[in-house]
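First comes the structure, then the notes that go with it.
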Amino acid sequence: MTAAHAFLVARNPDPRSRLPYLLHLPLQGETLVLATRDRWPVTRDLYCHAFDAWPEDAEVLEEVPVVNCWRSGASVQLVLDRPARRRSIFVYTQRRGRTLIFWRSDRTMRTSRPGLRVPQARGLEDALHLTIDTRERYPWRFANYPVTTDRRRLPVGDYGVFDGELLIAAVERKRPDELANDAISGTLSLTMAELATLPRAMVVVEGRLGQYLEAGERSRAGWLTNLLAALQATHPNVPVTFAESPKFAADLAYRWLAACANAFRKGHDTSSAEMPATTEPPHDTRGSASVAAQAEPPPLFAGAPDALRPPEARHGSRQGRSHAPPPPAERREETLRRAREGFVWTVGAYAEAFHVSRATAGADLRRMRDEGALEALGRTRNLRYVLPGSSGSQEEP
């Protein structure tokens with residue numbers, strides 16, 4: 001075992017210090033060195049002071065293998081490979097303009113909560129603003145909440161919160177029977193795959209798990225449960241939550257979206273005096289980051305389509321992105337132009353032509369059908385979209 005993979009406790013070589021112990025934490029790509037009053041927090045949290053480097057003449061008192069050590073928001077989580085005193089957390093917080101570090105164990109968390117910050121939906125500086133998808137015919141009203149709303153077409157989901165033009169979180173609303181039908185038909189898999197491209201997303205069901213199973217009575221209950229479990233395993237960052245009733249579903253959606261907005265704001269507002277939620281410590285022992293590194297897009301948007309990224313996180317112009325989907329208005333114009341030439345549209349052909357998901361392709365084609373711009377021929381797998389009155393005999397584009 002090397003020091004790079006171990007948690008070390010040593011004597012502080014400075015005899016004048018009131019913090020007699022040094023801690024060595026092996027983080028990925030860096031080493032965190034702290035001075036503190038004791039070898040483990042037992043009865044109370046321990047104040048820690050950050051050191052620039054591990055002193056070569058430090059007398060090591062303990063050397064414990066580390067299972068994992070990682071940054072989580074404004075804290076560092078530590079898990080040791082031993083039966084007792086395994087888990088602890090180093091919390092960065094602000095007090096009177098100073099950055100303080102406290103070492104906490106599970107025992108001190110049970111006895112007191114000084115400075116503990118629990119993720120919550122309250123504490124927003126302004127009233128929450130929600131965007132409701134225009135396809136929601138009877139949306140939740142949020143009458144008893146400090147909420148303002150607007151209606152617009154969301155790229156995915158039924159309710160969302162934006163930061164500028166970036167959709168940072170969305171809720172997909174389902175009734176138990178809708179969830180069962182969509183799961184059986186495969187639509188739910190496509191929807192969850194699209195939701196997974198967002199920083200945060202959730203499916204809220206207006207009912208109980210038993211109602212979902214009853215809705216698919218033609219299928220075995222165990223098979224429906226397996227289907228939902230498989231979808232959750234495939235898309236672990238898109239939870240499916242049963243909220244018992246529409247009232248509880250609306251309440252959960254509001255509080256979850258508010259918590260997402262609050263977490264996003266704290267994680268990206270570096271000038272805030274609140275506890276920092278970035279992946280870097282308040283005082284960096286490795287020196288200042290370069291300007292180029294600070295200008296890189298946040299990793300939060302890694303893997304998200306360009307339509308969901310802020311302008312500064314997009315790569316190149318639209319002309320230079322061969323796989324970026326065009327805006328809905330451009331897709332509509334091109335779809336109708338090709339349809340007038342006699343082309344027959346299917347969901348698969350639309351998705352391939354415009355580089356969108358099959359869920360988006362189906363939604364766009366259904367909207368043009370509902371508006372009367374296109375006519376649907378056939379059913380399910382043989383569904384085709386043509387101009388009204390067309391025979392639909394031409395080849396697909």
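Residues: numbered from 1 along the sequence shown. The model shown is predicted, which means the values in this text are computed figures rather than measured ones. As a basis for the values below, the full set of heavy atoms in this structure was taken, side chains included, without hydrogen atoms, waters or symmetry mates.
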Note to self: Looking at every non-hydrogen atom in both residues, tell me the closest pair between H24 and W54 and how far apart they are.
What the structure shows: CB-CZ3, 3.5 Å
Notebook entry, point to check: What's the verdict on side-chain contact (heavy atoms from CB on, under 4.5 Å) for R85 and R39, showing C-alpha distance, side-chain angles and the deciding distance?
Noted result: CA-CA 11 Å; R85 298 184 178 184; R39 295 163 69 160; over 6 Å; no
Margin query: Test side-chain contact (heavy atoms from CB on, under 4.5 Å) on N12 and F51; report intermediate values, then the result.
Written below: CA-CA 11 Å; N12 191 339; F51 266 52; 4.2 Å; yes
Notebook entry, point to check: So, do L22 and P55 sit near enough that their side-chain heavy atoms are less than 4.5 Å apart?
Noted result: yes
Note to self: With rounding to the nearest 0.5 angstrom, report the OG1 to CG distance, T93 to L100.
What the structure shows: 7.0 Å
Item checked: Carboxylate-amine/guanidinium contact D251 K247, below 4.0 Å -> no
Next item on the list: Considering non-hydrogen atoms only, spot the tightest contact between V66 and A6 and give its length.
Entry: CG2-C, 3.7 Å
Check: Atom CG in D106, atom CD1 in I89: separation rounded to 0.5 Å?
Finding: 11.5 Å
Check: Just how far is it from atom NE2 of H129 to atom OG1 of T131, taken to the nearest 0.5 Å?
Finding: 4.5 Å
Check: Which of parallel (below 30°), tilted (30 to 60°) and perpendicular (above 60°) describes W345 and F354?
Finding: parallel
Check: How long is the gap from CG on L190 to CG on L195, to the nearest 0.5 Å?
Finding: 11.0 Å
Item checked: Non-hydrogen atoms of P388 and E375 that approach each other most closely -> CA-OE1, 3.3 Å
Item checked: Heavy-atom pair with the smallest gap, counting every atom of L383 and A376 -> CD1-CB, 4.0 Å
Notebook entry, point to check: Hey, are R337 and E341 close enough for a salt bridge, meaning a charged N less than 4.0 Å from a carboxylate O?
Noted result: yes
Checklist line | Sub-4.5 Å side-chain heavy-atom contact between T241 and M202 | finding: yes
Note to self: Test of understanding: clusters of I, L, V, M, F, W, Y form through side-chain heavy atoms closer than 4.5 Å, transitively. Do V203 and F248 belong to the same one?
What the structure shows: no
Item checked: Whichever hydrophobic residues join V67 through chains of side-chain contacts under 4.5 Å -> W70, V79
Margin query: Name the residue from R384, M368, R366 that meets the side chain to side chain contact (heavy atoms under 4.5 Å, CB included) definition with L374.
Written below: M368
Notebook entry, point to check: Can you find a pair of side-chain heavy atoms, one from V76 and one from L25, that are under 4.5 Å apart?
Noted result: yes
Next item on the list: State, yes or no, whether a side-chain contact exists between L23 and F90 at a heavy-atom distance under 4.5 Å.
Entry: yes
Next item on the list: Please test T43 against T108 for side-chain contact (heavy atoms from CB on, under 4.5 Å), starting from the C-alpha separation and ending with a verdict.
Entry: CA-CA 6 Å; T43 59; T108 63; over 6 Å; no
Checklist line | Heavy atoms from other residues, nucleotides or ligands near CZ of R369 exceed 12 (cutoff 6.0 Å) | finding: yes
Note to self: Within the structure provided, determine whether Q232 and M192 are in side-chain contact (heavy-atom separation under 4.5 Å).
What the structure shows: yes
Check: Where is the tightest heavy-atom contact between W140 and P246, given as atom of each residue plus distance?
Finding: NE1-O, 3.9 Å
Next item on the list: Please name the pair of heavy atoms, one in P326 and one in E330, separated by the smallest distance, quoted to 0.1 Å.
Entry: CB-OE1, 3.5 Å
Note to self: Are the side chains of L198 and N237 in contact, using a 4.5 Å heavy-atom criterion?
What the structure shows: no
Checklist line | Residue R98 excluded, over 12 heavy atoms near CZ under 6.0 Å | finding: no
Checklist line | Contacts of T134 that satisfy side chain to side chain contact (heavy atoms under 4.5 Å, CB included) - sequence neighbours left out | finding: R151, R153
Next item on the list: Could you tell me whether the side chains of T191 and E172 share a donor-acceptor contact shorter than 3.5 Å?
Entry: no
Check: Do the side-chain N and O atoms of S245 and E206 include a donor-acceptor pair separated by under 3.5 angstrom?
Finding: no
Check: So among R331, R338, R332, which one has a salt bridge (charged side-chain N to carboxylate O under 4.0 Å, His left out) with E334?
Finding: R338
Check: Under the criterion ring-ring contact (aromatic ring centres under 6.0 Å, His included), which of W40, Y21, Y47 is the partner of W103?
Finding: W40
Note to self: Does any part of the side chain of L128, heavy atoms only, come nearer than 4.5 Å to the side chain of Y145, both counted from C-beta?
What the structure shows: no
Notebook entry, point to check: D370 and R367: salt bridge (Lys or Arg N to Asp or Glu O under 4.0 Å), yes or no, with the steps?
Noted result: CA-CA 5 Å; D370 295 341; R367 186 177 70 257; over 6 Å; no
Next item on the list: Please test R173 against Y159 for side-chain hydrogen bond (donor to acceptor under 3.5 Å, both in side chains), starting from the C-alpha separation and ending with a verdict.
Entry: CA-CA 8 Å; R173 175 187 181 185; Y159 302 83; 3.0 Å; yes
Margin query: Do L8 and E63 have side chains that approach each other closer than 4.5 Å (heavy atoms only, starting at C-beta)?
Written below: yes
Notebook entry, point to check: Can you tell me how far the CG atom of N181 sits from the OH atom of Y212, to the nearest 0.5 Å?
Noted result: 10.0 Å
Next item on the list: Working to the nearest 0.5 Å, report the span between CG of D133 and CG of L154.
Entry: 4.5 Å
Notebook entry, point to check: Can you pull the salt bridge (Lys or Arg N to Asp or Glu O under 4.0 Å) pairs that have at least one residue in residues 15-25, sequence neighbours excluded?
Noted result: D14-R16
Margin query: When you measure from the side chain of S105 to the backbone of V42, do you find a donor-acceptor pair of N or O atoms at a distance under 3.5 Å?
Written below: no
Next item on the list: For the pair I184 and L224, evaluate side-chain contact (heavy atoms from CB on, under 4.5 Å) and give the outcome as yes or no after the intermediate values.
Entry: CA-CA 8 Å; I184 294 171; L224 273 178; 3.9 Å; yes
Notebook entry, point to check: In terms of heavy-atom contacts, does CD of E352 have more than 12 from other residues, nucleotides or ligands at under 6.0 Å?
Noted result: no
Note to self: For F7, does the six-membered ring have the charged nitrogen or CZ of R82 within the cation-pi criterion, i.e. under 6.0 angstrom from the centroid and within 45° of the normal?
What the structure shows: no
